[in-house]
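Beneath this line is the structure, given in structure tokens, with notes to follow.
Residue numbers start from 1 in every chain, and the chains themselves are labelled A, B, ... in the order their sequence lines are given, proteins ahead of strands.
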Amino acid sequence: MRLRASVCLLHGFAAMFLATVALAAEPDLAPGIPNIWGVWLGTNGADVDARYRSTPWPAPDFTEWGAAQSKLLMTPETPDECSPYGPVVYMGGGGFFPLEIARTWKGIVLLSEPASNPRRIFTDGRKHPEDLDPTWGGHSIGRWEGDTLVVDTIGANGRGRPLNGYLSGAVSSRVDTTPRLLVSDQLHLVERIRLVGGGQFLEDELTITDPKTYKHPFTVKHYWQRRPDLELLEYFCSDNRRPDAEGHTESAQ
Amino acid sequence: MNISRQLVLLCVSVLVASAAWAHHSFAMFDLEKMVTVEGTVKEFQWTNPHCWLQVMVPDGKGGTQEWSFEMGAMGMLARTGWKSTTLKPNDKVTVIMNPLKSGAPSGRLLKVTLPDGRVMGPGGNAPPPPPAG
């Protein structure tokens with residue numbers, strides 16, 4: 001009887017130890033971490049304080065390769081419209097679809113309603129793998145610098161939608177002649193994410209370095225408004241691909 | 001001809017700017033025309049990447065012709081007041097749309113008048129948050 005009690009006590013101590021280790025390995029649960037969690041909606045198109053409106057994409061400073069690729073994206077030979085998102089487009093700040101930020105065992109997951117792929121930001125102290133295989137979303141690691149989450153992303157396959165191609169149409173358009181801002185597999189994205197406006201807005205300062213596509217790095221700021229009243233809905237893009245067959249995309253004409 | 005092209009309006013740039021869709025460009029639509037079509041709902045497709053409204057429209061020859069109207073994504077509709085049941089087969093509707101340039105019986109839905117008189121849009125930005133408090 002005494003032996004059984006001792007074993008139970010040992011099991012209890014072991015469970016407490018493992019729970020302590022788990023919390024230690026979960027930095028986003030640490031006290032003082034800003035409350036970035038929940039549902040957000042991009043302020044693009046919304047009537048909000050001018051301080052929280054996204055900065056526009058700069059005029060492109062393309063390399064020769066980047067210019068050619070941008071031009072290609074404005075012809076009917078465009079990528080599949082239902083392609084997953086790359087890491088930059090994920091943070092585009094549009095007002096059509098909400099974004100949800102959630103904690104996980106190894107860091108942070110961002111869910112964007114129309115994106116088939118969750119975006120993971122590891123905050124468990126790991127580094128980028130040396131033998132990183134390319135993925136649509138790339139490999140993101142984050143660390144807290146005071147109240148700012150600094151996220152470093154590499155390893156994107158460069159096949160996602162162009163940065164400004166989402167709202168303006170990922171396919172060819174004779175209406176919108178804005179050059180498509182793509183990124184390549186050489187993208188190095190650094191983001192500084194923090195709460196602003198008393199915690200009601202989220203700021204993401206994105207610095208895009210992509211020497212294959214752009215001659216110089218550039219920085220934009222995108223904003224979201226906290227929207228606990230919204231929920232992310234299901235979005236299965238290939239559910240009803242009628243436009244391709246019925247002339248509702250220019251490429252089909 | 002009951003396909004009543006009553007309204008052929010130029011200069012719809014405001015609509016173009018406000019009704020930006022999520023998935024593809026507008027190049028296939030004649031954005032300088034707004035056409036009104038009246039008919040009976042055959043099917044309301046509550047789907048992504050776009051919702052679609054299928055309407056049987058009198059062809060002026062004693063028969064009907066099926067028209068297809070493209071709308072926004074499901075979430076864009078849901079957050080602007082739509083439900084999957086907002087329209088049902090046999091509902092009488094009036095649709096204002098930008099027709100396809102190709103002349104096919106199809107277009108980009110701008111507004112639809114429901115049987116109860118409500119006028120709904122094609123989905124768009126989520127509405128502002130509710131007032132605090």
How long is the gap from [atom1] on [X] to [atom2] on [Y], to the nearest 0.5 Å?
X: B:N125; Y: A:L41; atom1: CG; atom2: CG; answer: 7.0 Å
X: B:N48; Y: A:Y235; atom1: CG; atom2: OH; answer: 5.0 Å
X: A:D239; Y: B:Q45; atom1: CG; atom2: CD; answer: 9.0 Å

Report task. Measure across B:P129 and A:Q225 and return the closest heavy-atom pair with its distance rounded to 0.1 Å. Result -> CG-NE2, 3.8 Å
Report summary line: For B:P49 and A:C237, the nearest pair of non-hydrogen atoms, with its separation, is CD-O, 2.8 Å
Whether over 12 other heavy atoms sit under 6.0 Å from [X] [atom1]:
X: A:K212; atom1: NZ; answer: yes
X: B:D116; atom1: CG; answer: yes
X: A:R227; atom1: CZ; answer: yes
X: A:N35; atom1: CG; answer: yes

Report task. Could you tell me whether the side chain of A:L233 reaches within less than 4.5 Å of the side chain of B:R79, counting heavy atoms only? Result ->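 Result yes, sub-4.5 Å side-chain heavy-atom pair found.
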Requested in this report: Below 4.5 Å from any heavy atom of chain A, which atoms of B:P128 appear? Answer side chain, backbone, both or neither.
Outcome: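 B:P128 touches chain A through backbone heavy atoms alone.
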Query raised in the report: Under the side chain to side chain contact (heavy atoms under 4.5 Å, CB included) test, which residues partner A:E231, sequence neighbours left out?
Result: none
